[in-house]
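Following: one structure in structure tokens, then a few remarks.
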Amino acid sequence: MSAHNYRVTLEYLGGKHAASDLHKPVQFEAGNHDDLFNIIQRVQTAQLTDADTAAALTLGMKLFGEVMLKHRKDPLFEKLQPAYREFIGAFKERITAGQEGQAQALA
């Protein structure tokens with residue numbers, strides 16, 4: 001069992017192709033070794049993008065990363081791991097720099 005368990009709900013709000021009643025909401029449970037709310041808040045605080053984009057990017061990366069971690073020996077994910085680790089490292093650096101910039105702006 002993961003340290004943190006979540007219920008994710010995806011609702012279609014409408015758009016260029018159809019009204020909002022086209023799709024029923026999809027709901028699933030997922031675990032993650034990280035506190036996703038904390039990470040999303042840190043990414044949003046860094047203000048690299050708008051808050052919704054920051055939340056979507058962070059959630060997508062963390063959900064994907066957890067699946068990849070669970071299936072790390074699967075050849076499908078094996079080749080992605082080095083590039084993903086590199087991307088996560090660069091992403092964390094950007095978040096840290098963004099948070100430091102926000103702290104300086106408030107000082």
query: Which one of R85, E86, E78, K79 satisfies the side chain to side chain contact (heavy atoms under 4.5 Å, CB included) criterion with P82?
result: R85

Do [X] and [Y] have side chains that approach each other closer than 4.5 Å (heavy atoms only, starting at C-beta)?
X   : Y   : answer
R72 : Q81 : yes
V26 : T9  : no
E66 : H33 : yes

Same cluster or not: [X] versus [Y], using hydrophobic residues (I, L, V, M, F, W, Y) connected whenever any side-chain heavy atoms lie under 4.5 Å apart?
X   : Y   : answer
M68 : I88 : yes
V67 : F87 : yes
L80 : L76 : yes
L57 : V8  : no

query: More than 12 heavy atoms of other residues, nucleotides or ligands under 6.0 Å from CD of Q27: is that the case?
result: yes

Nearest-0.5 Å distance that lies between atom CG in L59 and atom CE in M61: 10.0 Å

statement: Exactly one candidate in K92, R42, K62 meets salt bridge (Lys or Arg N to Asp or Glu O under 4.0 Å) with D34; the answer is K62

query: Do F64 and Y84 have ring centroids that are under 6.0 Å from one another?
result: yes

message: Show the nearest heavy-atom pair for residues A55 and Q44, with the distance to one decimal.
response: CB-NE2, 3.8 Å

message: For a quick test of reading the model, state the closest non-hydrogen atom pair linking V43 to A54 and the distance between them.
response: CG1-CB, 3.7 Å

- prompt: Hey, does the side chain of Y6 reach the backbone of F28 with a donor-acceptor pair shorter than 3.5 angstrom?
  reply: no

message: Given 3.5 Å as the limit, does a donor-acceptor pair link the side chain of T58 with the main chain of I40, or not?
response: no

- line: Sequence neighbours excluded, the answer for side chain to side chain contact (heavy atoms under 4.5 Å, CB included) partners of D52 is D50

